[in-house]
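Here the structure is laid out as structure tokens; the discussion comes afterwards.
What you are looking at is a predicted structure, and each value in this text was computed from that prediction instead of being measured.
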Amino acid sequence: MSKICREVITLQLGHYSNFVGTHWWNLQDASLSYDPDIPPGEIQSDVLFREGQTLGGNITYTPRLIAMDLKGSLQTLRQEGSLYDNSGDTSAISWDGSMMVHEENPPPKNVFLEDLDKLERGDILAEADFSTSSRNHFKSAYGKRTHDANSLKVETVNNQLARVQTKYRLEGSVKVWSDFLRIHLHPRTISVIHRYNHDGEADRLEAFGQGEALLGGSVLEELDDKLHFFVEECDYFQGFQVLCDLADGFAGLGSKVTEMLQDAYGGRGILTYGTVPITHRNSQTPIKDVYHLLNCALGMIHMANHSSFLCPLTLQSGFGLRPTSPVSFPHLNYDPSLWYHSSSVLSLALDTLTAPYRLRNNSIPMWQLADSLASSGRKVVTAYGAIPFPILPGSSLPEALSAHADSPPWKPLSTCAVADDGRCYGQFVTLKGSGGQKLTSSVSMETETPSPLYNLHSGEDVLASYVRSFNPAAPLAVQLVSSPCKLTPPFPQIFNPSLPDQVTPPILTSLQSAPTMDPWLSELHRSVSALDIRRLAPSFLSQGPEMEDYSEALEQLRQLARKYRDDSGGTARSSSEEDDED
């Protein structure tokens with residue numbers, strides 16, 4: 001009997017969120033298998049993907065996704081996609097007079113997109129490249145699903161792309177997220193906001209109030225239509241995962257979208273991940289830095305109010321006006337200046353963070369994950385990740401964790417520092433890619449071991465015992481997922497050469513709600529409150545919100561910080577400090 005599928009709808013709001021989302025969907029696509037002889041994987045793909053049918057009767061398999069971006073952000077990608085391509089159909093033309101046709105050359109495609117086109121046509125699938133069984137498998141699937149989303153997911157296609165991976169150095173050619181998108185999208189997926197431009201200095205979506213004002217008229221009608229389409233075909237719909245840019249005007253749009261979702265689907269999970277690209281010194285003007293900070297603060301408080309939880313995702317070390325050093329990982333060589341690189345790192349984290357509610361067996365529903373972390377109104381949570389967390393050949397999970405006995409191996413993915421005082425309100429830790437690894441030690445019980453981890457009998461016990469050594473009294477849930485992230489082109493080659501090329505080592509993530517959020521949120525509140533917004537950014541208020549609403553949002557941010565205050569010591573502050581804030 002098949003397991004119940006708790007469907008999830010994904011919304012991606014903003015250009016950087018679409019960067020992260022594109023890498024993330026490419027990872028999901030690479031893990032799909034259409035070989036009937038292979039048992040279903042532990043990740044239930046139908047949670048995210050929907051099966052449909054073209055007008056020609058071909059079966060399609062596309063993301064249950066709504067992606068919003070600005071005019072000029074798609075480049076070579078057609079907004080309606082190509083699954084229902086009727087560009088060659090002229091039967092509807094009834095004009096008998098003369099016509100003048102103006103053609104504009106489309107933007108050039110990079111080598112990866114050109115190869116995808118060739119794969120669809122079958123031009124580079126030389127029969128000599130494959131065994132007889134592989135050729136037959138590919139011909140059967142491709143011939144049956146011509147111009148079908150599944151045609152790009154057949155395993156032989158992945159192998160062919162992997163074979164030529166060394167020539168996909170896209171760092172100089174990726175301008176927008178569609179430059180490395182490897183899957184077909186449903187015609188109802190993409191929404192383009194034509195009022196604002198992606199490029200140039202004019203008509204930019206820069207301020208929170210601009211984004212708030214967008215969710216009205218045709219934008220609202222289009223979004224509502226797309227939501228109804230995807231929701232109504234779900235049988236056991238569990239909720240939404242929302243990726244939204246925090247640093248620009250999309251923060252205002254995301255605030256209104258999550259409010260709309262809460263009003264219409266309040267009983268479902270709304271897990272919001274606020275994405276922020278790395279800000280580089282001298283890359284922005286002072287006024288843009290101010291806008292960046294204001295958008296982050298307002299977007300965070302409003303989206304937290306309307307979501308099951310809000311988790312910022314960024315490789316920046318802080319949200320302040322002064323750019324800080326980006327987060328570094330010991331086994332990654334990524335270029336922080338490239339969105340193509342930084343978004344790929346966040347996509348690996350997101351793949352692991354979201355795995356618990358996408359499992360075929362023993363999945364954790366969205367609402368349960370949120371309730372375990374966002375108790376007592378603490379609806380902003382932080383993410384941490386060890387990307388990757390390698391286990392050396394011949395080693396074991398106890399040995400790998402024991403090497404980090406003094407502090408956890410993960411790095412901040414939400415700018416919030418790792419807690420060092422052992423206090424935590426709730427934590428959910430996931431290790432993805434544990435399959436094929438030695439999860440327990442093989443030493444005998446009589447042998448003296450350097451750590452109690454060596455004496456445990458399951459990987460879950462090992463991981464839980466390790467985490468509790470830092471947070472002994474905190475509520476904790478752990479999840480081990482055997483299948484790793486499968487890296488296929490065009491994922492950038494950011495892993496150290498000593499690590500495997502196609503399949504990543506394990507990735508370890510932690511979602512936390514902890515007292516460290518008090519000083520973090522309080523510092524954000526102080527930074528914003530110190531700004532003379534009427535003098536520094538009068539245009540920010542002229543586009544909304546009203547000054548009264550702005551002041552109320554700052555007060556909500558201050559009150560939110562207080563909810564994380566632990567008066568048992570350490571993070572509790574003096575009454576004079578509280579009076580300073582008041």
Determine the minimum heavy-atom distance between [X] and [Y], stating which atoms define it.
X	Y	result
A349	T509	O-CG2, 4.0 Å
Q79	H194	OE1-NE2, 4.4 Å
A251	G299	CB-CA, 4.0 Å
S308	L271	CB-CD2, 3.8 Å

Should L261 and H306 be marked as a side chain to side chain contact (heavy atoms under 4.5 Å, CB included) after you check the CA-CA gap, both sets of side-chain angles, and the distance that decides it? CA-CA 8 Å; L261 296 179; H306 302 136; over 6 Å; no
Could you go step by step and tell me if L293 and V528 meet the side chain to side chain contact (heavy atoms under 4.5 Å, CB included) rule? CA-CA 7 Å; L293 182 63; V528 176; 3.9 Å; yes
When you compare the side chain of [Y] with that of [X], does any pair of heavy atoms fall below 4.5 Å?
X	Y	value
L315	V345	yes
Y357	S363	no
P312	T415	no
D179	L113	yes
Y334	I387	no
L294	F208	no
C485	F491	no
T189	T62	no

For H341 and E171, run side chain to side chain donor-acceptor pair (under 3.5 Å): C-alpha distance rounded to whole Å, both residues' side-chain angles, the deciding distance at 0.1 Å, then the answer. CA-CA 8 Å; H341 275 199; E171 282 75 6; 2.9 Å; yes
Indicate the ring-plane relationship of [X] and [Y], choosing parallel, tilted or perpendicular according to the 30° and 60° boundaries.
X	Y	result
F112	Y168	perpendicular
F240	F237	perpendicular
Y291	F540	perpendicular

In terms of side-chain heavy atoms, does [X] have a donor or acceptor partner in [Y] at a distance below 3.5 Å?
X	Y	result
Q316	T279	yes
S45	Y61	yes
D351	Q28	yes
T352	T430	no

L353 CG to Y384 OH distance, which is reported to the nearest 0.5 Å: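 The CG atom of L353 sits 12.0 Å away from the OH atom of Y384.
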May I have the step-by-step check of salt bridge (charged side-chain N to carboxylate O under 4.0 Å, His left out) for K118 and E114, ending in yes or no? CA-CA 6 Å; K118 293 177 182 178; E114 289 178 349; 5.4 Å; no
Which one of W177, W24, W25, F180 satisfies the ring pair (Phe, Tyr, Trp, His ring centres under 6.0 Å) criterion with F19?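 With F19 as partner, W177, W24, W25, F180 yield a single ring pair (Phe, Tyr, Trp, His ring centres under 6.0 Å), made by F180.
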Inspect the surroundings of CG in N361 and state if more than 12 heavy atoms from other residues, nucleotides or ligands are less than 6.0 Å away.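 Enclosed: over 12 neighbouring heavy atoms sit under 6.0 Å from CG of N361.
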Could you walk me through whether T272 and S307 pass the side chain to side chain donor-acceptor pair (under 3.5 Å) check? CA-CA 6 Å; T272 302; S307 303; 2.7 Å; yes
Do D248 and R204 meet the salt-bridge criterion of a basic N to acidic O distance under 4.0 Å?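 Looking at R204 and D248, the cut-off is not met.
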Report the C-alpha distance between E7 and R64 in whole Å, list the side-chain angles of each, state the deciding distance to 0.1 Å, and finish with yes or no for salt bridge (charged side-chain N to carboxylate O under 4.0 Å, His left out). CA-CA 9 Å; E7 300 96 342; R64 201 175 286 110; 5.2 Å; no
Quick check on side chain to side chain contact (heavy atoms under 4.5 Å, CB included): which of N295, L560, N305, L524 does M300 satisfy it with?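 One option only clears the test, and that one is L524.
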